[in-house]
**Student:** 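I have a structure here, written as structure tokens, and I will follow up with some questions on it.
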Amino acid sequence: RIIVPMTTGTQCGRHRKNHVRAVPREVCGRRSLFLVSVVFLIEAIAGSSAHGQEVTATVAAGTFPADIAVNTVTNKIYVGNRGSNNVTVIDGATNATTTVATGPNPSAIALNPVTNQIYTTDSGSGFTGGDVTVIDGTTNNTTTLIVGNVPVAVAVDSVTNQIYVADGSDGAVTIIDGVTNDTLVVPVGATPSAIAVNTVTNKVYVTNETDDTVTVIDANTDAATAT
């Protein structure tokens, strides 16, 4: 709640001891009304954005939905379901759903809104195995790509159409060419667990969980420049 302190510099309807002219009561009344109106106006503005937020639907997904990505161009939402080894595709206009099969344990998901391709890291089970499922957003057809062991995170540079996958057990990042699906492996620190791309500087940042470090990859040369 917003509190507006009232001034004590003048008194309504009477003179102060220093003989300062008293403020007429009708003026004080108008001032009080004005202050109250301002308080209510501020509270209404402050609360309007919160009041506009509401749950409009609850959409069923697969088992253990663990990650989500939104294509704002097509208004499609992609949910990776780790427990059922699939992706739930939600139509943002109707909330109708479609299920697309993936590899085991899809744990992270990212997309390129320019090419309408969706990438899920299928981390498998244990400390070996895993792949990346590429979903064509137009047809929902899939392609499986072999990457390093236990891929756990993925990021997409929509400018260069390069996809970066953190291979948790290998201490490496697999770079996927979005046009050809060819791959290249770049060594990073131990247990890479998260990844992000700066599309302006063309730099990729990888958190190495065991090393307590961050590896910086120059995407122009596909080489680590710092850890």
**Student:** As a test of understanding, state which of N105, N85, T133 forms a side chain to side chain donor-acceptor pair (under 3.5 Å) with D122.
**Tutor:**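 Of the listed residues N105, N85, T133, the side chain to side chain donor-acceptor pair (under 3.5 Å) partner of D122 is T133.
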
**Student:** Do any N or O atoms from the side chain of D170 and from the backbone of A172 form a donor-acceptor pair under 3.5 angstrom?
**Tutor:** no

**Student:** Quick one: side-chain hydrogen bond (donor to acceptor under 3.5 Å, both in side chains) partners of D211, sequence neighbours excluded?
**Tutor:**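 For D211, no residue satisfies side-chain hydrogen bond (donor to acceptor under 3.5 Å, both in side chains) once neighbours in sequence are set aside.
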
**Student:** Kindly compute the distance separating CD1 (I68) from CD1 (I77), expressed to the nearest 0.5 Å.
**Tutor:**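 Going from CD1 on I68 over to CD1 on I77, the span is 7.0 Å.
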
**Student:** Heavy atoms only: give me the nearest G148-T174 pair and the separation to one decimal.
**Tutor:** N-OG1, 3.6 Å

**Student:** Are any side-chain N or O atoms of D218 and backbone N or O atoms of A223, one a donor and one an acceptor, separated by less than 3.5 Å?
**Tutor:** no

**Student:** Please name all residues satisfying side-chain contact (heavy atoms from CB on, under 4.5 Å) with T72, sequence neighbours left out, ordered by chain then number.
**Tutor:**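 Per chain and number, T72 pairs via side-chain contact (heavy atoms from CB on, under 4.5 Å) with V70.
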
**Student:** Who else is in the cluster with V165 when I, L, V, M, F, W and Y are joined by side-chain contacts under 4.5 Å?
**Tutor:**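 Answer for V165: Y119, V132, V134, L145, V147, V154, V156, I163, I176.
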
**Student:** Can you name the side-chain contact (heavy atoms from CB on, under 4.5 Å) partners of T144, sequence neighbours left out?
**Tutor:**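 By the side-chain contact (heavy atoms from CB on, under 4.5 Å) rule, T144 matches D131.
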
**Student:** Taking all non-hydrogen atoms of both residues into account, name the closest pair between G83 and F64 and its distance.
**Tutor:** N-CB, 3.7 Å

**Student:** Which residue pairs pass the side chain to side chain donor-acceptor pair (under 3.5 Å) test when at least one of the two sits in residues 89-103, sequence neighbours left out?
**Tutor:** none

**Student:** Can V59 be reached from V79 by stepping across I, L, V, M, F, W or Y side chains whose heavy atoms are under 4.5 Å apart?
**Tutor:**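 Looking at the clustering, V59 is in the same group as V79.
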
**Student:** Ignoring hydrogens and angles, write down the donor-acceptor pairs under 3.5 Å from the side chains of residues 181-196, residues two or more places apart or on other chains.
**Tutor:**
residue: D182; atom: OD2; partner: T180; partner atom: OG1; Å: 3.2
residue: T191; atom: OG1; partner: T210; partner atom: OG1; Å: 2.6
residue: S193; atom: OG; partner: T207; partner atom: OG1; Å: 3.2

**Student:** Name all residues meeting the side-chain hydrogen bond (donor to acceptor under 3.5 Å, both in side chains) criterion together with T201; count only those two or more places apart in sequence or in a different chain, and write none if there are none.
**Tutor:** N198

**Student:** Write down the atom of A219, the atom of V204, and the distance for their closest heavy-atom approach.
**Tutor:**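 Heavy-atom minimum between the residues: CB-CG2, 4.4 Å.
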
**Student:** Any side-chain heavy atom of T227 sitting closer than 4.5 Å to one from V216?
**Tutor:**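 No. Closest side-chain heavy atoms not under 4.5 Å.
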
**Student:** When you compare the side chains of N220 and N202, does any donor N or O come within less than 3.5 Å of an acceptor on the partner?
**Tutor:**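 On atom types as modelled, these side chains qualify, holding a pair under 3.5 Å.
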
**Student:** Run the side-chain contact (heavy atoms from CB on, under 4.5 Å) test against D212 and tell me which residues pass, sequence neighbours left out.
**Tutor:**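 Testing D212 for side-chain contact (heavy atoms from CB on, under 4.5 Å), a comparison that skips the adjacent residues, returns none.
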
**Student:** Go through the steps for T142 and D136 under the test side-chain contact (heavy atoms from CB on, under 4.5 Å), then give the verdict.
**Tutor:** CA-CA 6 Å; T142 62; D136 185 322; over 6 Å; no

**Student:** For a quick test of reading the model, state the closest non-hydrogen atom pair linking I175 to Q162 and the distance between them.
**Tutor:** CG2-OE1, 3.5 Å

**Student:** Run the side-chain hydrogen bond (donor to acceptor under 3.5 Å, both in side chains) test against T160 and tell me which residues pass, sequence neighbours left out.
**Tutor:** D157

**Student:** Which residues pass the side-chain contact (heavy atoms from CB on, under 4.5 Å) test with A60, not counting sequence neighbours?
**Tutor:** none

**Student:** Determine the minimum heavy-atom distance between R82 and A66, stating which atoms define it.
**Tutor:** CD-CB, 3.1 Å

**Student:** side-chain hydrogen bond (donor to acceptor under 3.5 Å, both in side chains) with N86: which residues, sequence neighbours excluded?
**Tutor:** N81, S84

**Student:** Which residues, ordered by chain and number, are linked to I109 in its hydrophobic cluster, where ILVMFWY side chains connect at heavy-atom gaps below 4.5 Å, directly or through other members?
**Tutor:**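 Besides I109, the hydrophobic cluster comprises Y78, V87, V89, V100, L111, I118, I135, listed by chain and residue number.
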
**Student:** Is the side chain of D167 donor-acceptor paired with the backbone N or O of P151 at a distance under 3.5 Å, no angle test?
**Tutor:**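 No, because the side chain of D167 does not come within donor-acceptor range (under 3.5 Å) of the backbone of P151.
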
**Student:** Work out which heavy atom in P65 is nearest to a heavy atom in G62; give both atom names and the distance.
**Tutor:** CD-O, 3.6 Å

